[in-house]
Amino acid sequence: MSNKVRTRFAPSPTGYMHIGNLRTALYAYLFAKANDGDFILRIEDTDRNRYVPDAVDFINRTLAAAHIVPDEGPEIGGAFGPYVQSQRQEIYQKYADALIENGFAYRCFCSPDEGHTAASFSGYDRTCRDLSPAVIQQHLDAGDSFVIRQKMPLNGATTFHDMVHGNITIQNDELEDQVLIKRDGMPTYNFANVIDDHLMQVTHIIRGVEFITSTPKHVLLYQSFGWDPPAFVHLPPVMGKNEDGSVSKLSKRHGATSFAELVAMGYLPEAITNYVALLGWSPKSNQELFSMDEMAKVFALDGLSKSSAVFDYAKLNWFNSEYFKQMSDADFAQAALPFAGELTDELQVKWPYLAALLKPRINRYGEIADQIAFFRTLPEYSSELFSNKRNKVTPEVSAAILPAVCAALEPLADWTPDTINTALHGYIDGCGLKMGTVMWPLRIALSGQKVTPGGVTELLYLLGKEICLKRLQKGIAILANI
RNA sequence: GGCGCGUUGGUCAAGUGGUUAAGACACCGCCCUUUCACGGCGGCUUCAUGGGUCCGAAUCCCAUACGCGUCACCA
C-alpha cells in the first residue's frame, strides 16, 4: 500500500481560482485517479496577512463545480489531518527544533529591518549562522524574537529529477539561508510544504514552474530529515495574448482569469475543464472531447508539455459549443434562461422553442442577451440592408414582396409554425420567386438584422402575428423612400 | 544582473535520427441550405537563428537571440 500514488492540491485561501491553479488541481486529480491513487486538498494559510474570509469555502465550491473531488481535505477529513496548515503549527515547530538540534538550521535574531544582505552571496548575510551557545542563550533569556533559518551547504550542488524537465542542478552557493519559521511562529511555504508532503505521504508534487528554483532547498530539507523526496512535476504557466501580439502570464488585461469569471460569462464547467486540461497536456490519441472520467482513465505525465500555452477563447468557444450540442433542449433551455434577461410575455411562453434555436448558434450563454434583443426592440436599419446579392434581392424587389406576404399572412387565424409555413409556401409557389429571395426581405423587416436565431418561419412564430404585421409595415414604409 | 527553464503554423499540439512534419481551433474558398448556424469538402501557414555530429536532423551537441520564472519573515 505504501506505493499508492498520492497527489495534492495546496492553494492558499485567496478567494480566487486562477485558470492556471485550476489546471494544476486538475492534473493532480487526474494523475491520482489514473493510478487509483488519492487526491488531497490542503490549505496553505500560513500567511496571516493574506487571509480572506470564506476562501476555503470558495475553493471547495470551485472544485466541486469543476468535478474535482478530493479524497482527503479539510471538509472530508482523512488519516493525515489536519489539512489546514495554520492548525499544524506545533508539528512544524517540532521538526524545526529537530533541525536546529542536528545542525541543519539555526535561530536568527536579526531584525528584518536591519538589511542583513550579503554582498558576495545570495540573500541573508548569515550573521547568526554560527552564534555561540552563550550568545544564543543570552538572546533567549532576553526574550528576543527570532526566526529559524535553514543552514545551506556552502559548496557543492543539489540535483533533483523533474518528471517533465529532467534533471535540474543548482549550485548550493546560490541558495539563501532561507527562513523556515517566521517571527510569528508560522512556517514558510518552503518549510511547511516539505513537512506536510512527507507526513501526508504525497508521492508526486504537481505544481507550477515558479517553484522549480526553490525545489533544491526543499530537497536539502528532505535530506536533512533523512526522507526520500517525492517525485517532482513542474507545470509551465498559462499565458494570455497581449494587444501587441506578445504573450505574458494570464492576467486581468487578457479578460477573465478565473474559473468563476468564465462560468459567469456562460461557459460550462465541463467545457472549461476539458479545454484547460488540453492546454499543456495531450493524450496519446487525437481525441479532444473528454468527460472527466475519460480523462481520468488516460491521463499520463508523459503527455505534459514543457512550454507555456496561450489561453485561446476561440478554442474554448468551440469546446463550449460542442458541449451545448450534447445537452438536451430542455436542459439547455433551463440553464440558459438566467442569461436571457427580461423576456416579453410572448417569449416567456415560447422560451423552450427559442432556446432550441439558440443552442446551436451560440458559444456561451453570455451571448444570448445580444442575440435576442431585437425581439423586444426593432433596431434602426436602412433600406440598404434589403440588398443581398446571393439571394438576388434588392430594395426594389423587397418593396414588391413585403406587401404581398402581408396579404398572405393577414388571414391566418392560427399562428403556428405550421400554418405560417404553409401560407409562406403558398405565396412562394404562386409568385415564381425563389425561397431565398422571399425570405431575405422578411428577415430584415422582422429583425432589422441579417443574422438571426432561427429562420423566418421561426421569427414570425416567435414574434407573434400582431408585431410581425407591424414590423412588415414598417419595412414597407422604409422602402417607400427609395 | 546571477541562476534556472523554455522555443514545431495565428493558437493548442503530435513527433524521441530516415514521415508527403499528424490532428484540432481560427481564417479563406466551395457545396448544402429559408439568412445565420449546423453539416460536408478543400486550402492557407510551422520546425527561432547560426554552427557542428551524421550517409541522413524538428529530433543529438554547442553558441546566439527571444520569452518566461526566480532571487521575501508570499505562496
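Labels below follow one simple rule: chain letters A, B, ... track the order of the sequence lines, proteins then strands, and each chain is numbered from 1.
Nucleotides B:G15 and B:C73 are separated by 42 Å at their P atoms, to the nearest Å. If you take atom C1' in B:C62 and the same atom in B:G29, they sit 46 Å apart, rounded to whole Å. On the P atoms, B:G6 is 14 Å away from B:A48, given to the nearest whole Å. The separation of B:U7 from B:C60, taken at their P atoms, amounts to 11 Å, rounded to a whole angstrom. Spacing between B:G40 and B:U45 at atom C1', rounded to whole Å, works out to 23 Å. Atom C1' of B:C31 sits at a distance of 27 Å from the matching atom of B:U20, rounded to the whole Å. To the nearest whole angstrom, the two C1' atoms, one in B:U46 and one in B:C25, are 16 Å apart. Distance check on atom C1': B:C12 versus B:A22 gives 14 Å, rounded to whole Å.
Counting only heavy atoms from C-beta on, A:Arg361 has its side chain closest to B:A37 among B:C5, B:A37, B:C68. For A:Val179, the side-chain atoms get nearest to B:C73 when compared with the rest of B:G4, B:U34, B:C73. The A:Asn190 side chain lies nearest to B:A75 when the options are B:A37, B:A75, B:U11. Counting only heavy atoms from C-beta on, A:Glu176 has its side chain closest to B:C73 among B:G2, B:G4, B:C73. Here the nucleotide nearest the side chain of A:Thr188, chosen from B:C3, B:U35, B:C73, is B:C73. Of the candidates B:C73, B:C3, B:U34, B:U34 carries the atom nearest the A:Thr457 side chain, counting heavy atoms from C-beta on. When each of B:A22, B:C38, B:A75 is scored by its nearest atom to the side-chain atoms of A:Lys325, the top-ranked nucleotide is B:C38. Of the candidates B:U34, B:C68, B:G69, the closest approach to any side-chain atom of A:Thr213 belongs to B:G69. Comparing atom distances between the A:Asn286 side chain and each of B:U35, B:G23, B:C5 picks out B:G23 as nearest. Checking B:U11, B:U35, B:A24 against every side-chain atom of A:Asp312, the shortest atom distance belongs to B:U11.
In this structure, the CZ atom of A:Phe386 is 14 Å from the C1' atom of B:U35, given to the nearest Å. Nucleotide B:A37 holds its P atom 12 Å from the NZ atom of A:Lys450, rounded to whole Å. The nearest whole Å value for the distance from the OH atom in A:Tyr275 to the P atom in B:A13 is 8 Å. Atom pair A:Met435:CE and B:U35:P shows a separation of 10 Å (rounding to whole Å applied). One can place CD of A:Gln287 at 16 Å from C1' of B:C12, the figure rounded to the nearest angstrom. Rounded to whole Å, atom P of B:C68 lies 14 Å from atom NZ of A:Lys241. Distance A:Lys306 NZ to B:U16 P: 14 Å, rounded to the nearest Å. B:C5 atom P lies 16 Å from atom CD of A:Glu210, rounded to whole Å.
Residues A:Ile362 and A:Val247 both approach RNA chain B. Their nearest nucleotides, taken by heavy-atom distance, put A:Ile362 toward the 5′ side. Along RNA chain B, the nucleotide nearest to A:Ser305 and the one nearest to A:Asn167 differ in position, and the one closer to the 5' end is contacted by A:Asn167.
No option in A:Arg149, A:Lys151, A:Lys217, A:Arg129 other than A:Arg129 meets the salt bridge (Lys or Arg N to Asp or Glu O under 4.0 Å) test with A:Asp177.
Base pairing in RNA chain B gives the following stems of 3 or more Watson-Crick or G-U pairs, range against range and under 3.5 Å: B:1-7 with B:65-71, B:10-12 with B:23-25, B:27-31 with B:39-43, B:48-52 with B:60-64.
Between A:Lys325 and A:Glu322 there is a salt bridge, with a side-chain nitrogen of the basic residue lying less than 4.0 Å from a carboxylate oxygen of the acidic one. Looking at A:Arg42 and A:Asp197, a side-chain N of the basic residue comes within less than 4.0 Å of a carboxylate O on the acidic one, giving a salt bridge.
A:Pro112 comes within contact range of at least one nucleobase, with a heavy-atom separation under 4.0 Å. Residue A:His425 is classed as a base contact, given a heavy-atom separation below 4.0 Å to a base. Counting non-hydrogen atoms under 4.0 angstrom, A:Asn421 reaches a base of the nucleic acid. Within the nucleic acid shown, A:Val456 comes within 4.0 Å of at least one base atom, counting heavy atoms only. Residue A:Phe311 is classed as having no contact, given no heavy-atom separation below 4.0 Å to the nucleic acid. Base engagement by A:Gly454 is indicated by at least one non-hydrogen atom pair under 4.0 Å involving a base atom. Heavy atoms of A:Thr169 sit under 4.0 angstrom from primed sugar atoms or phosphate atoms, though from no base atom. Base engagement by A:Ser111 is indicated by at least one non-hydrogen atom pair under 4.0 Å involving a base atom.
Under the 6.0 Å cut-off for aromatic ring centres, A:Phe311 and A:Tyr275 qualify, their centroids lying closer than that. A:His198 has its ring centre no less than 6.0 Å from the ring centre of A:Tyr222. For A:Tyr365 and A:Phe324, the ring centers sit closer than 6.0 Å to each other.
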**Message:** Run A:Tyr189 and A:Phe211 through ring pair (Phe, Tyr, Trp, His ring centres under 6.0 Å) and show every step you take.
**Reply:** CA-CA 10 Å; A:Tyr189 165 82; A:Phe211 295 109; 4.8 Å; yes

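Residue A:Thr14 places none of its side-chain N or O atoms closer than 4.0 Å to OP1 or OP2 of B:A75. The phosphate of B:A13 (OP1 or OP2) has no side-chain N or O of A:Ser282 nearer than 4.0 angstrom.
Ring pair A:Phe299/A:Trp281 is tilted by interplanar angle, where 30° to 60° counts as tilted.
Contact annotation: the side chain of A:Ile368 approaches that of A:Leu358 to within less than 4.5 Å [non-hydrogen atoms, C-beta and beyond].
A cation-pi contact links A:Arg107 to A:Phe146, judged by a cut-off of 6.0 Å to the six-membered ring centre and 45° from its axis.
A:Pro417 approaches A:Tyr461 most closely through the heavy-atom pair CD-CD1, 3.4 Å.
A:Lys284 contributes no side-chain N or O that forms a donor-acceptor pair with the base of B:A14 under 3.5 Å.
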